[in-house]
Amino acid sequence: MKKVIHTGLAPAAIGPYSQAIAVDGLLFTSGQLPLNPETGAFPEGITEQTRQSLNNVKAILAEAGVGMDRVIKTTVFLSDMENFAAMNDVYGTFFPEGGYPARSAVQVARLPKDALVEIEVIAAL
């Protein structure tokens with residue numbers, strides 16, 4: 001049976017979707033924009049936007065009772081692949097060294113609200 005996961009510590013969905021769904025021992029998050037859940041604003045620059053997106057992911061995982069060490073797959077959407085190295089520097093600090101999840105990173109034409117990054121994950125429960 002699927003279970004909807006929602007926390008006020010991450011931005012609310014801005015459309016007809018859930019922050020995350022838990023099913024059959026897995027958690028699937030929706031893409032997390034770098035919105036600060038308290039202010040509704042983006043931080044400046046790719047470094048802080050990456051940090052905020054991953055903090056939003058972390059809050060959703062915590063609501064489901066797991067940590068970043070349980071992430072098995074991520075997808076990173078970048079508005080500009082020139083931001084890859086800076087995103088990667090921050091990204092690496094959120095996962096235990098040697099236990100990094102599988103990852104895809106792609107450049108897209110445009111992200112909602114003109115964000116620089118959006119990150120979604122799959123985690124084991």
Side-chain angles (χ1 to χ4, degrees):
M1 175 179 4
K2 78 176 185 178
K3 178 182 177 186
V4 174
I5 305 297
H6 174 78
T7 177
L9 299 177
I14 57 175
Y17 61 89
S18 299
Q19 287 176 331
I21 297 291
V23 64
D24 295 335
L26 295 173
L27 180 74
F28 299 85
T29 71
S30 293
Q32 292 303 299
L33 293 172
L35 287 169
N36 179 312
E38 294 176 10
T39 67
F42 289 153
E44 292 292 322
I46 188 63
T47 298
E48 290 308 312
Q49 285 199 19
T50 301
R51 189 176 329 282
Q52 185 64 59
S53 288
L54 287 167
N55 280 330
N56 293 343
V57 166
K58 194 173 179 179
I60 294 167
L61 293 174
E63 183 67 23
V66 296
M68 296 295 278
D69 61 321
R70 303 291 292 180
V71 174
I72 56 178
K73 172 72 168 83
T74 65
T75 305
V76 178
F77 303 95
L78 294 164
S79 64
D80 185 343
M81 198 55 82
E82 292 294 321
N83 289 329
F84 181 85
M87 174 280 298
N88 207 44
D89 287 345
V90 174
Y91 176 96
T93 67
F94 277 79
F95 299 99
E97 192 167 328
Y100 299 122
R103 179 179 75 187
S104 300
V106 297
Q107 179 175 315
V108 296
R110 190 172 181 194
L111 289 166
K113 299 183 176 261
D114 292 320
L116 300 177
V117 63
E118 181 176 6
I119 301 172
E120 66 182 27
V121 309
I122 301 169
L125 294 172

Checking one residue: Ile21. Which other hydrophobic residues are in its cluster under the side-chain 4.5 Å linking rule? Val4
Below 4.5 Å, heavy atoms only, C-beta onward: do Pro34 and Leu116 meet side chain to side chain? no
Heavy-atom distance under 4.5 Å between the side chains of Asn56 and Pro37, does that happen here? yes
Please report the interatomic distance OG1(Thr74) to CD1(Ile122), rounded to the nearest 0.5 Å. 9.5 Å
Would you check if the side chain of Gln19 reaches a backbone N or O of Thr7 as a donor-acceptor pair within less than 3.5 Å? yes
Taking the side chain as everything from C-beta on, heavy atoms only, tell me whether Pro96 gets closer than 4.5 Å to Met68. no
According to salt bridge (Lys or Arg N to Asp or Glu O under 4.0 Å), who are the partners of Asp24, at least two apart in sequence or on a separate chain? none
Note, Phe42 side chain near Leu35 side chain (heavy atom, < 4.5 Å): yes
Taking side chain to side chain contact (heavy atoms under 4.5 Å, CB included) as the criterion, tell me which of Leu26, Leu27, Val121 meets it with Ile72. Leu26
Of all pairs that satisfy salt bridge (charged side-chain N to carboxylate O under 4.0 Å, His left out), the ones with a partner from residues 98-110, not counting sequence neighbours: Arg110-Asp114
In chain order, what residues pass the salt bridge (Lys or Arg N to Asp or Glu O under 4.0 Å) check against Arg70, with sequence neighbours excluded? none
Report yes or no: does Ser30 contribute a side-chain atom to a donor-acceptor pair with the main-chain N or O of Ser18 at less than 3.5 Å? yes
As a test of understanding, state which of Ile46, Val106, Leu111, Ile119 forms a side chain to side chain contact (heavy atoms under 4.5 Å, CB included) with Leu78. Ile46
Nearest 0.5 angstrom please: Asn83 CG to Asn88 CG, how far? 12.0 Å
Going by salt bridge (charged side-chain N to carboxylate O under 4.0 Å, His left out), name the pairs with one or both residues in residues 76-89, residues two or more places apart or in two chains. none
Ring pair (Phe, Tyr, Trp, His ring centres under 6.0 Å) involving Phe77 - partner list, sequence neighbours excluded: none
